[in-house]
Amino acid sequence: MISKARLKYIHSLERKKIRKEEGVFVAEGPKVVGDLLQVLPVKMVVATTDWLEQHASSLSHAEVIAVSEDELRKVSFLQHPQDVLAVFPQKDSLHAFDSRQCALALDDIQDPGNLGTIIRIADWFGIERVYCSLSTVDVYSPKVVQATMGSIARVNVEYVDLVEFMDSLPDDYPVYGTFLDGENIYSRPLTPNGLIVMGNEGNGISPQVAERVNRRLLIPNYPEGRDTADSLNVAIATAITCAEFRRQTWMNKS
């Protein structure tokens with residue numbers, strides 16, 4: 001049974017301010033919690049008896065609260081709770097930038113679902129680092145964490161001043177971005193390393209960040225000249241861009 005104090009505490013973690021003060025975040029569901037248990041020490045677990053019995057060996061240092069399904073519904077942020085809710089410490093900041101790898105830079109992404117999906121895409125394509133502008137939605141929002149489907153355990157996310165960060169890169173370092181006046185991504189040779197910048201859902205890449213992009217790309221519609229949607233969802237555009245980077249890397253190795 002969960003106390004009113006614990007229920008209030010968990011609900012308070014829906015707020016970014018409280019999450020930051022406490023240095024923690026909430027994850028839910030067997031998949032997300034299971035992936036995080038492999039990389040982070042869990043602080044608190046609220047779960048059904050069946051789930052707790054199956055994972056007892058992973059919870060020796062956690063505060064464990066057994067609840068019924070009805071109680072779990074009261075504490076959960078999900079419309080349909082899934083056996084377990086856990087509180088984890090927020091991950092440490094990234095280590096030094098690795099110029100040999102591909103990384104993503106997100107300029108003012110606002111939708112939690114988009115950010116979570118982009119992190120999941122990065123995980124799929126082996127991109128371990130995502131740099132977010134200071135105004136991008138909080139990665140530890142329960143909605144973002146859920147949308148990553150566990151990929152938050154494997155992808156490192158850091159919030160930076162993007163302009164300052166990009167200015168710190170070597171002058172000749174490849175910085176890519178997608179624009180309507182860019183070069184066709186399917187005909188433009190892509191490097192195996194670089195920073196891939198993705199912009200805001202409504203406004204795209206901001207002018208200050210765009211000035212620092214030295215390789216402008218276009219994801220063309222098909223066929224050329226046909227009336228289509230005005231733009232792609234940013235998560236979809238990220239998936240297409242990452243897929244083409246990996247395709248070219250693969251082809252160049254063969």
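Just so you know, these numbers use all the heavy atoms, side chains as well, and skip hydrogens, waters and symmetry mates. From a predicted model like this one, the values you see are computed outputs, not experimental measurements.
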> Does any pair with a residue in residues 169-181 pass salt bridge (charged side-chain N to carboxylate O under 4.0 Å, His left out), and if so which ones, sequence neighbours excluded?
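The answer is D181-R216.
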
> Once salt bridge (Lys or Arg N to Asp or Glu O under 4.0 Å) is applied, do any residues pair with R15, and if so which ones, sequence neighbours excluded?
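Applying salt bridge (Lys or Arg N to Asp or Glu O under 4.0 Å) to R15 gives none.
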
> Of all residues at least two apart in sequence or in a different chain, which pass the side-chain hydrogen bond (donor to acceptor under 3.5 Å, both in side chains) check with S99?
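So S99 forms no side-chain hydrogen bond (donor to acceptor under 3.5 Å, both in side chains) with any residue.
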
> Checking R154 now: which residues fulfil side-chain hydrogen bond (donor to acceptor under 3.5 Å, both in side chains) with it, not counting sequence neighbours?
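By the side-chain hydrogen bond (donor to acceptor under 3.5 Å, both in side chains) rule, R154 matches D35, D123.
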
> Looking only at atom types and distance, does a side-chain atom of E164 sit under 3.5 Å from a main-chain N or O of D161, one as donor and one as acceptor?
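Flag not set: sc E164 to bb D161 has no pair under 3.5 Å.
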
> Determine whether F97 and Y173 satisfy the following criterion, side chain to side chain contact (heavy atoms under 4.5 Å, CB included), listing intermediate values before the conclusion.
CA-CA 12 Å; F97 179 72; Y173 190 74; 3.4 Å; yes

> What residue pairs, at least two apart or across chains, pass salt bridge (charged side-chain N to carboxylate O under 4.0 Å, His left out) with a residue in residues 50-61?
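Residue pairs with at least one partner in residues 50-61: there are none.
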
> Side-chain contact test, heavy atoms from C-beta onward, threshold under 4.5 Å: evaluate it for L195 versus P174 and give yes or no.
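L195 vs P174: side chains apart.
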
> Does NZ belonging to K43 count more than 12 external heavy atoms closer than 6.0 Å?
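For K43, atom NZ is not crowded (no more than 12 foreign heavy atoms under 6.0 Å).
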
> Minimum heavy-atom separation for G199 to I109, with atom names?
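Taking G199 first and I109 second, the nearest heavy atoms are O-CD1, 3.1 Å.
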
> Is the closest side-chain heavy-atom distance between S58 and V42 below 4.5 Å?
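Contact flag for S58/V42 side chains = no.
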
> Side chains of I118 and L106: does their closest heavy-atom pair fall under 4.5 Å?
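A side-chain contact exists here, since the closest heavy-atom pair is under 4.5 Å.
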
> How would you list all residue pairs meeting salt bridge (charged side-chain N to carboxylate O under 4.0 Å, His left out) that involve residues 133-152, not counting sequence neighbours?
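Residue pairs passing salt bridge (charged side-chain N to carboxylate O under 4.0 Å, His left out), neighbours aside: R19-D138.
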
> Can V139 be reached from I196 by stepping across I, L, V, M, F, W or Y side chains whose heavy atoms are under 4.5 Å apart?
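Yes, same cluster.
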
> Apply side chain to side chain contact (heavy atoms under 4.5 Å, CB included) to the pair S206 and D108, showing each step before the final yes or no.
CA-CA 9 Å; S206 64; D108 198 22; over 6 Å; no

> Can you name the closest pair of heavy atoms from I119 and S151 and give their distance?
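Heavy atoms of I119 and S151 come nearest at O-CB, 3.9 Å.
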
> Test of understanding: with side-chain hydrogen bond (donor to acceptor under 3.5 Å, both in side chains), list the residues that count as partners of R73, not counting sequence neighbours.
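R73: side-chain hydrogen bond (donor to acceptor under 3.5 Å, both in side chains) contacts with D70.
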
> So, does D83 use its side chain to make a donor-acceptor pair with the main chain of P30 at under 3.5 Å?
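Not confirmed, D83 side chain does not pair with P30 backbone.
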
> Would you call R247 and E244 a salt bridge, taking side-chain N to carboxylate O under 4.0 Å as the test?
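Salt bridge: yes.
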
> Is L217 reachable from F125 through a run of hydrophobic residues whose side-chain heavy atoms are each under 4.5 Å from the next?
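The answer is no; the residues belong to distinct hydrophobic clusters.
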
> Whether the side chain of Q110 engages the backbone of S135 through a donor-acceptor N/O pair (distance < 3.5 Å, no angle test) should be reported.
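Here the side-chain-to-backbone pair exists.
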
> Is the distance between the ring centroids of Y140 and F88 under 6.0 Å?
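No, ring centres 6.0 Å or more apart.
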
> Which donor-acceptor pairs under 3.5 Å do the side chains of residues 228-242 make with protein atoms, sequence neighbours left out?
unit_1, atom_1, unit_2, atom_2, d
T228, OG1, N221, ND2, 3.3
N233, OD1, A235, N, 2.8
N233, OD1, I236, N, 3.2
N233, ND2, N114, OD1, 3.1
T238, OG1, V234, O, 2.7
T241, OG1, A237, O, 2.8

> Which ILVMFWY residues can you reach from I18 by hopping between side chains whose heavy atoms are under 4.5 Å apart?
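I2, L7, Y9, I10, L13, V24, V26, M44, V46, I65, V67, L72, V75, F77, L85, V87, which link up through side-chain heavy atoms under 4.5 Å apart, make up the rest of the cluster.
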
> Centre-to-centre under 6.0 Å for F165 and Y131, is that the case here?
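Ring-ring flag for F165/Y131: true, centres closer than 6.0 Å.
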
> Excluding sequence neighbours, so at least two apart, what forms salt bridge (Lys or Arg N to Asp or Glu O under 4.0 Å) with R226?
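With sequence neighbours excluded, R226 shows a salt bridge (Lys or Arg N to Asp or Glu O under 4.0 Å) to no residue whatsoever.
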
> Same cluster for M149 and V155 if Ile/Leu/Val/Met/Phe/Trp/Tyr side chains link at under 4.5 Å?
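No, because M149 and V155 fall into different hydrophobic clusters, even though each may have its own neighbours under 4.5 Å.
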
> K16 side chain to V137 main-chain N or O, any donor-acceptor pair under 3.5 Å?
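No, the answer is negative, given that no donor and acceptor are paired below the 3.5 Å cut-off.
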
> So which heavy atom on T136 is nearest to which on Y159, and how close?
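Minimum heavy-atom contact is O-CE2, 3.5 Å.
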
> Shortest non-hydrogen contact from M166 to V197?
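What the structure gives for the nearest pair is CE-CG2, 4.2 Å.
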
> Under 3.5 Å, is there a donor-acceptor pair between the side chain of T191 and the main chain of G194?
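No, the answer is negative, given that no donor and acceptor are paired below the 3.5 Å cut-off.
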
> Taking all heavy atoms of L40 and all of P89, pick out the closest pair and write down the distance.
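Closest heavy-atom pair between L40 and P89: CD1-O, 3.5 Å.
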
> Would you say L78 and V145 are hydrophobically clustered, going by side-chain heavy atoms of ILVMFWY under 4.5 Å?
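Result: no, two separate clusters.
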
> According to salt bridge (Lys or Arg N to Asp or Glu O under 4.0 Å), who are the partners of R6, at least two apart in sequence or on a separate chain?
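Only E63 meet the salt bridge (Lys or Arg N to Asp or Glu O under 4.0 Å) criterion with R6.
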
> Under the rule for side-chain hydrogen bond (donor to acceptor under 3.5 Å, both in side chains), what residues qualify as partners of D167, not counting sequence neighbours?
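Applying side-chain hydrogen bond (donor to acceptor under 3.5 Å, both in side chains) to D167 gives R212.
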
> Between G150 and V32, what is the shortest heavy-atom contact and its length?
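Heavy atoms of G150 and V32 come nearest at N-CG2, 3.7 Å.
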
> Decide whether L104 and L134 are clustered together by the hydrophobic rule: side chain heavy atoms of Ile, Leu, Val, Met, Phe, Trp, Tyr closer than 4.5 Å, transitively.
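Result: yes, single cluster for both.
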
> I'd like to know if the side chain of E28 and the backbone of P142 have a donor-acceptor N/O pair within less than 3.5 Å.
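Not confirmed, E28 side chain does not pair with P142 backbone.
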
> Pair N156, E158 - check side chain to side chain contact (heavy atoms under 4.5 Å, CB included), show working.
CA-CA 7 Å; N156 295 306; E158 184 169 357; over 6 Å; no

